[in-house]
Structure formats: C-alpha cells, structure tokens
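Remember, it's a predicted structure, so these values are computed and weren't measured experimentally.
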Amino acid sequence: SRGLNWPMRGAAYRWNVGILIRQPLRSTSASERALQYQVGQKIHGFTVKEVVAVPDLFLTAVKLTHDQTGAQYLHAARDDSNNLFSVLFRTTPMDSTGVPHILEHTVLCGSKKYPCRDPFFKMLNRSLSTFMNAFTASDYTMYPFSTQNGKDFQNLLSVYLDAVFFPCLREQDFWQEGWRLENDKPTDLSSPLVFKGVVFNEMKGAFSDNESLYAQHLQNKLFPDHTYSVVSGGDPLVIPDLTWEQLKQFHATHYHPSNARFFTYGDLPLETHLKQIEEDALSKFERIDPNTEVPNQPHWVTPREDHVTCGPDALAPDPSKQNTLCVSYLLGDITDTFEGFTLNLLSSLMISGPNSPFYKALIEPQIGTAFSSVVGYDGSTKEASFSVGLQGMAEEDTERVKQIISQTIDDIIKDGFEEERIEALLHRIEIQMKHQSTNFGLSLASYIASLWNHNGDPVELLQISSYVAKFRQSIKENPNFLQDKVKHYFKENTHRLTLSMSPDETYVQKQAKAEEEKLQKKIQALSDTDRKEIYEKGLELLAVQSKTQDASCLPALKVSDIEPNIPITALQMGTAGGVPVQLCEQPTNGLVYFRAMCSLNTLPEDLKRYVPLFCSVITKMGCGPLDYRQQAQQMELRTGGMSVSTQVIPDANELNTFEQGILLFSSCLEQNLSHMFHLWSDIFNSPRLEDKERLAVLVMMSAQELANGIAYSGHLYAMTRAGRDLTPAGHLQEMLAGMEQVRVMKRVAEMSDLSSVMRYLSRIKKHLLNPENMRCAINATPQAMSDATTRLETFMKDVDKTRKRHKLVRPDVVKVSFVQNFQPCQMKTFFQLPFPVNFVSESIRTVPFCHQDYSSADVVIGKVHSTGHRRSQTVCVLSCGLPHSALR
C-alpha cells in the first residue's frame with residue numbers, strides 16, 4: 001500500500017507504519033560477477049556473444065545464443081532480489097481468428113509434466129511469486145514471472161517452460177478457452193445453441209470499448225499489408241473460424257526455441273538458469289527456420305482517409321459530441337534506436353502537457369473532450385507511428401480539426417520548441433533512469449520486447465545516456481534538428497491516415513445480427529448426430545470443469561525453502577512543524593521521495609463526492625505566481641511528478657473501521673528539494689482554483705476518461721459496487737472510485753456554469769490542505785536526509801501560517817468508525833449499459849485481516865475461485881464477464 005497507516009498528531013497510541021519501501025540492495029555485486037564472462041565462452045549449450053556494462057541502469061547485460069536451436073538469450077545482472085524470467089515468441093497471425101491469443105490461454109491449461117488444469121492459478125498458493133502472467137501483443141506473446149526466492153524461481157521456471165514448449169493442447173481446452181458451440185443450458189438438449197468461450201467473450205468485451213475499437217481500426221488501416229492488418233486478439237465474428245488443428249499447427253511453428261527470446265533479470269546466477277532451460281526444454285529441439293519475420297509496410301504515395309462506426313456512449317460528457325478524428329503517420333523502423341529515441345522525445349514535445357503545441361491548439365479551445373485514444377509515438381510495431389487527434393468532438397468540427405493539425409505542424413516547423421521545454425523532458429529522462437522500482441525487471445522486459453522481437457539490439461536500447469548526449473550534440477550542431485524531423489516525418493510524409501469514427505445508434509444491434517448470422521450458418525451445417533455430439537461434449541466439459549483437480553504434480557515450496565527472517569527496514573520517527581514525519585534512508589540514486597496523508601475527517605459529507613475531482617485538478621490549475629502552464633513547466637523541470645489521489649484504508653482489525661484521506665506524492669533530484677517543496681507550499685497556500693476556463697478543460701478530460709474506462713475496467717466497477725453495502729470503507733470507495741463517481745463527473749461536465757463546483761473545491765482545499773490533519777514520509781539517501789528534513793520543516797512553517805483550524809470528527813482517534821450506525825446488507829444492483837458483455841460480481845462480508853479465521857477464509861476463497869477473483873481485507877469478491885445470453 002502507498003498509504004501511510006499511522007496516526008495524525010494528537011493520537012494517543014503508537015505509530016503503526018504501513019508504507020511499501022524498497023529493501024536495501026544486496027552487498028554482493030551481481031553486475032560485477034557478470035562482467036567476468038568472456039565472449040565466446042560456452043555455458044550449458046549457450047555461447048556468450050556480448051558482455052556490456054550498463055551504468056545508467058546499474059546492471060551488466062550478457063547476450064547469448066543457444067548453439068543447437070539458435071534461441072536468443074539476454075541476462076541483465078543487477079543487485080535486485082526480485083528476479084524475473086520471461087520467454088517471448090514472435091507470433092504473426094495472418095487472420096483475425098485470434099490464434100495467438102487463444103494459444104496463450106490454452107498452453108496454460110496443463111502440460112506434459114504438469115497435466116492438471118490451470119496450473120498457473122494453482123501455483124499461486126504454492127509459490128511466493130511477485131508476478132505471474134502472459135501477454136499477447138500484435139506480433140509477439142510473452143510469458144513473464146518474478147520472485148525473490150531462488151527455489152521458487154526454479155519451480156516457476158519448470159512450470160513455464162513445460163507450459164509453453166510441451167502443452168497438452170487438449171481439444172476440451174480449446175473449446176473452453178477459444179470458442180465452441182454449446183447449448184445455452186448445457187444440461188438441456190432442447191435449449192438453443194450459442195457461441196461460448198473465454199477468449200470469444202473477452203474479445204466481445206474488448207470490442208465494446210470504443211477506445212480499444214478505434215485503436216484496433218487505426219492499426220489495421222495504417223498497416224494494411226501484413227500481420228498488423230488483422231486482430232491478433234481475435235475478432236468475435238472471425239474467432240469461430242479457427243479449428244483445433246490450426247491452433248496446434250500455430251504452436252508447432254511459433255512456439256519453438258528458434259523463434260524464442262529468453263530474458264532473465266536479477267541477482268541469481270546465470271549458469272543455474274541456463275542449465276535448467278537447456279535440460280528441461282532446449283535440448284529436446286533442433287534448429288528450424290520459423291519464417292515469422294514481419295516485412296516493412298510499403299509506403300503510400302498519397303495520404304488516405306477512412307471512417308468507422310462504434311456504439312453510442314450513454315455516459316459521454318456531451319451526448320451530441322461523440323465523434324473521434326485522428327491523423328496517424330507511419331515513421332521509421334524501431335530498430336534504429338537513436339531515431340526512435342529522438343521521435344519519442346519529439347512526440348512528448350508536441351503533445352505532452354499544457355505547454356505543448358497540440359494541447360494548446362486542440363484541447364484548450366474545447367473542440368473535443370480529450371486527445372484521441374491513440375496519441376503520440378507508438379513503437380510497438382516494427383515501424384513506429386505517431387498519431388494526434390481528438391475524441392468527444394462534434395461531426396461538424398471534422399474539417400476544422402484537420403486544418404488545426406496541419407496548421408500546428410506548420411507552426412512547429414516555423415517556431416520550433418523552447419529550450420526550457422527540451423531541458424524539462426531531458427530532466428524527466430534522468431529521473432526515470434535513477435528511479436528504483438520493485439518491478440524493474442518486468443519494466444525492462446516490456447521495454448525491450450518490441451525492438452528485440454524484430455532483431456534489434458536490446459543492449460543498445462539500454463544505453464540511454466549516450467542517446468541524451470548524441471541528442472544534445474545534434475541540437476548544438478543543427479538548431480533546426482527537431483524542425484527538420486517534423487518536416488520530414490509529418491509535413492512531407494505521404495503515408496498518412498486520417499481516420500474518423502462516429503456513433504451509430506444501431507451499432508450494437510448490427511453486431512448482434514452479424515453474430516447471429518454467423519451462428520445460424522454454423523448451425524445449419526449440423527446434422528442431428530452433430531447436435532447430439534455437441535450436447536455430449538458440453539456435458540463432458542461441464543463435468544471436467546466441476547471436477548476437483550489433483551495439483552499434487554506441481555512443485556511447491558517447503559518451509560525450509562523460505563527465509564525465516566524478513567529484513568527489517570530502519571525507520572526514524574519525528575516531527576516537522578508539529579506534523580508527524582517518517583524518515584527512511586535508502587539508496588535512492590540521488591532522488592528524494594515525499595509522501596503526505598491528509599485526512600478527510602473534517603470534511604462535510606456533501607463535499608466528499610468532489611474529492612476525486614479536487615485531486616485531479618489541484619496540481620494543474622496554477623499556484624502562487626505561476627499560471628497553469630508555468631506550473632506544469634516548473635514541475636517538469638524540478639520534479640519527477642506531483643500527484644494527489646484518494647485513499648481509503650480498511651482497518652486490519654475491525655470491518656466497520658477505516659481511514660479516509662488524500663495522498664500527496666512527489667519526487668525530485670536532491671538538488672531540487674527547495675523547488676519541490678516551494679511548489680507544494682504554493683499549492684497549499686494559493687492554488688488558482690478560480691480559472692473557469694482551465695477547470696472546464698480538466699473536467700471534460702476527467703469525465704471522458706471515466707466514461708471510457710467502464711468497458712475496459714468493468715470488473716473493477718462491478719467489484720467496487722458489490723462491496724458498497726458491506727462495509728463503510730466499501731461505501732466510501734464506491735463514492736470516490738465507482739459508478740457513483742462516474743455519474744457525478746458526468747453531471748459536472750454537463751454544467752454550463754462551474755461556479756458552484758469552484759466553491760466546493762475551495763472549501764475542500766481549506767479542509768484537506770491543512771497540517772493539522774496531516775502526516776508525512778520522506779525516503780532519501782543518508783547524505784540528503786538532513787537537507788530534506790530541513791526543507792520539510794520550512795514547508796510546514798510556510799503552510800502553517802495560512803491554515804484554518806477545523807475540529808476533528810473524533811480528535812482522539814484518526815480512523816472513522818461506524819460500528820454503531822452501519823448495517824451491512826446484501827444489495828443487488830444492475831446498470832444497463834450498451835455493451836454485449838456483462839460484468840458480474842458478488843461480494844461476501846468475511847473477516848478482517850488480523851482475525852484468526854482470515855487465513856482459513858483465504859484458502860477457502862482460493863478453492864471457490866472459478867474464472868476470476870479479488871481478495872481484500874474485508875470482503876471476498878468473485879467476478880466474471882458474461883455474454884448477455886448467459887444471464888437469462
């Protein structure tokens with residue numbers, strides 16, 4: 001949890017610390033050990049090809065190739081105990097049956113060594129993994145896991161290797177995960193036949209999300225001549241064309257070591273990984289030519305335009321403005337790493353933040369609600385692209401938006417960019433390089449995936465400082481360096497697609513009709529014998545799904561495999577200006593991290609629904625002498641970001657008790673401490689909440705973002721709503737982050753006059769940005785801690801001068817309790833939305849985290865799990881996504 005679970009000043013009991021803090025790095029240097037490898041050295045069937053120190057990221061990269069199969073391998077040796085493994089296969093489908101996506105699901109349904117169904121989920125309570133998952137992209141499929149335990153790493157590696165290289169790929173698994181014809185009621189032969197399948201329904205949900213739908217169309221139409229012209233995840237109208245035999249054939253040609261890229265990260269010995277991978281998998285294969293390369297897209301001679309339709313959005317901020325328009329440009333090959341670095345930075349200069357040209361030209365005039373769902377530089381395909389446009393716009397503004405985009409490009413070529421903005425972006429890169437994160441290995445694997453997938457050099461991609469230096473030199477030698485790029489890639493680029501999308505009131509009905517026609521075509525080809533066989537197979541699948549699986553074949557950790565002692569993080573407690581402060585000295589690479597929790601206890605109930613909006617805008621409206629543009633510039637130049645978010649923290653001992661507040665977070669380089677706290681001081685003392693035009697822009701963007709998220713995050717909204725009436729914390733969480741908040745923001749966005757909202761925000765500021773209801777935490781190096789505490793003390797004194805004291809709801813206790821008043825109840829709720837997929841959740845009030853029965857309940861919940869789950873301290877939540885037909 002990023003929340004700080006310890007009391008405000010004035011509390012009479014001991015401080016209980018609950019902040020996630022990165023443990024100190026190990027004293028032995030994994031990166032130094034890796035430097036001992038020699039090019040040409042043979043290790044367990046692999047040959048070392050390159051050994052490179054990457055000081056920017058505190059690691060040593062070791063590139064190897066498997067002699068027998070040609071499999072590529074990259075090891076990033078770093079002093080990090082959260083070790084990661086991933087294997088990536090280039091998967092390039094030539095149709096929209098979703099074969100790579102369905103295969104990703106199906107290989108996880110059991111393998112030769114581990115034939116039990118769903119071994120991945122069953123490993124959750126047999127492992128100490130910090131991450132387990134799989135991803136299907138447009139042109140690759142990746143299987144990563146991470147863990148801090150060496151024995152656990154070996155266990156998970158065994159399961160992963162067997163899953164991807166030796167899966168069972170049973171026909172029943174294909175029916176369950178891909179698609180099948182089955183009686184609506186599997187036990188009733190007379191019930192109608194319908195399409196079913198996990199991926200089939202998942203993709204119906206994905207196609208219900210207008211943002212995802214637009215992004216898919218844009219990629220398909222910008223790259224019309226090869227694998228990017230199809231839907232790798234699967235088009236629900238095409239998925240039923242896939243056969244079990246085609247699935248097995250795709251696995252044989254694509255899931256082969258000759259088409260694989262292995263990546264390991266962390267402080268565990270490389271030799272151990274290589275030995276296990278060779279013995280468990282690679283030694284059983286010979287080299288093949290997988291023939292999965294993606295050719296470059298032939299460039300168009302003239303630009304193109306196209307149009308698509310989507311379903312109407314019932315929660316759109318303005319129902320009369322639901323059109324989207326975007327202009328997308330095909331750029332260069334992503335394997336040119338410096339060119340990719342330059343174009344990515346150029347993209348940020350053009351669209352990021354209120355100082356960017358496209359933000360000024362498209363967002364601030366309020367022509368639309370937000371940038372189009374696809375915006376900026378995209379390096380996920382073999383050739384990169386850049387897109388810019390608007391969503392939430394009126395159809396009659398189409399030509400106007402096209403003209404603005406063209407004119408803005410001309411203006412950039414003429415005027416260039418301010419030097420301070422370029423420095424701000426380079427500062428952001430420096431911050432990103434220095435930032436230590438607990439999931440760094442996973443981030444690294446994702447970062448190199450696309451380029452490595454197309455035979456680019458992943459080690460070269462990591463040499464970030466060299467790119468920064470080369471970029472600075474290029475600017476110095478040619479002051480028009482960036483303008484020349486804009487002219488070449490945008491002004492003179494004929495491979496340009498303008499794609500518009502408009503709502504169609506009959507869209508959902510048309511999709512349903514097309515699916516029904518597909519279904520009837522399948523049914524008409526069936527004989528009576530076929531129908532009976534489908535019925536019997538449905539019963540067989542139901543029986544298998546209902547049967548308790550024997551997971552004894554899976555590896556498991558023993559108590560002796562687990563370190564008996566957890567490293568203790570040293571914390572210091574103190575005060576600054578009378579405010580409780582937690583100090584933690586860490587090797588942060590010259591960064592300082594600041595967090596503060598401000599209580600909602602004094603805030604009147606009628607204002608709480610506006611707290612998420614307050615959090616969203618308070619760092620974006622301007623403060624002190626700075627308008628919002630100047631504020632954004634200073635935040636980019638002096639900090640790693642400043643954010644405010646809502647916090648609802650359930651009590652570990654009592655279901656009806658919780659803590660409510662907002663969390664302030666920021667980071668900066670040590671030399672910028674005074675600037676960071678000065679910005680916070682101005683936000684506390686004099687935020688510019690009176691700018692109506694600016695607030696209107698932020699409100700529309702926030703409302704659009706929430707509306708767009710419902711189809712994509714339907715499970716989360718269902719879970720939050722289902723838990724609303726079980727605990728007080730659940731009730732508040734629904735208000736702040738559930739469907740209730742979506743409705744609140746829709747109403748605010750529809751207001752013609754935001755004066756009342758501005759008054760609400762000013763009142764919220766007086767209650768929340770107040771040292772009286774606050775506690776802080778700082779993480780920094782030992783050398784910087786003294787200066788950090790001094791700066792914090794000054795900050796507290798500055799804001800203390802202007803504070804208005806408010807009486808705490810319960811001054812003796814920080815946490816809010818409704819034990820006597822709150823009555824949990826079971827409540828059924830249905831939201832009718834224009835999606836062909838339903839998101840269903842059921843929540844059950846159980847016991848708090850510290851209750852003696854919690855562990856037992858956790859085990860029971862794991863056994864009850866079917867298609868999806870979420871567990872928390874207060875409730876058990878079971879959820880699933882279902883087609884409408886399943887809810888009859």
Do D225 and Q297 have a side chain donor and acceptor closer than 3.5 Å? yes

Taking the side chain from S443 and the backbone from N439, do they hold a donor-acceptor pair closer than 3.5 Å? yes

Under 4.0 Å between a side-chain nitrogen and a carboxylate oxygen: does that hold for R496 and E305? no

State plainly whether the residues D241 and K518 are in salt-bridge range, i.e. N to O under 4.0 Å. yes

Is any side-chain heavy atom of M621 closer than 4.5 Å to one of L698? yes

Is it true that E395 and N323 share a donor-acceptor pair across their side chains at a distance under 3.5 Å? no

Donor-acceptor pair between T141 and E104 side chains, under 3.5 angstrom: no

Kindly indicate whether the side chain of E202, heavy atoms from C-beta on, has any atom under 4.5 Å from the side chain of H101. yes

Aromatic ring centroids of F195 and F200 under 6.0 Å? yes

Please evaluate residues K382 and D139 with respect to the criterion salt bridge (Lys or Arg N to Asp or Glu O under 4.0 Å), reporting the C-alpha separation (whole Å), side-chain torsions for both, the decisive distance (0.1 Å), and the verdict. CA-CA 9 Å; K382 187 174 187 292; D139 52 16; over 6 Å; no

Between S500 and H307, a side-chain donor and acceptor under 3.5 Å: yes

What class does the angle between the rings of F338 and Y467 fall in, given that below 30° is parallel, 30 to 60° is tilted and above 60° is perpendicular? tilted

With no hydrogens and no angle check, do the side chains of Y228 and E383 hold a donor and an acceptor under 3.5 Å apart? no

Donor-acceptor check, side chain of S96 to backbone of V231, threshold 3.5 angstrom: yes or no? yes

Determine whether a donor-acceptor pair (N or O, by modelled atom type, separation under 3.5 Å) exists between the side chain of R694 and the backbone of V617. no

Tell me, with the steps shown, if E740 and R743 meet salt bridge (Lys or Arg N to Asp or Glu O under 4.0 Å). CA-CA 5 Å; E740 186 174 340; R743 289 176 163 179; over 6 Å; no

Aromatic plane relationship, H495 with W300 - under 30° parallel, 30 to 60° tilted, over 60° perpendicular: parallel

Classify the side-chain pair Q322/Q391 by whether it contains a donor and acceptor separated by less than 3.5 Å. no

Decide whether a cation-pi geometry holds between R90 and Y140; the criteria are a distance under 6.0 Å from NZ or CZ to the six-membered ring centre and an angle within 45° of the ring axis. no

Partners of Y329 by ring pair (Phe, Tyr, Trp, His ring centres under 6.0 Å), sequence neighbours excluded? F490

Using a distance-only test with no angle check, is there a side-chain donor-acceptor pair under 3.5 angstrom linking S328 and S387? yes

Among side-chain atoms of T369 and Q704, is any donor-acceptor pair under 3.5 angstrom? yes

Can you list everything that forms a side chain to side chain contact (heavy atoms under 4.5 Å, CB included) with Q403? Sequence neighbours excluded, please. none

Using a strict cut-off of less than 4.0 Å between a Lys/Arg side-chain nitrogen and an Asp/Glu carboxylate oxygen, indicate whether R747 and E750 qualify as a salt bridge. no

Q741 side chain vs R609 backbone, donor-acceptor pair below 3.5 Å: yes

Can you label the angle between the F358 ring and the F386 ring as parallel, tilted or perpendicular, going by 30° and 60°? tilted

Tell me if a side-chain donor or acceptor on Q631 pairs with a main-chain N or O of G622 at a distance below 3.5 Å. yes

Is the centre of the H715 ring less than 6.0 Å from the centre of the F839 ring? yes

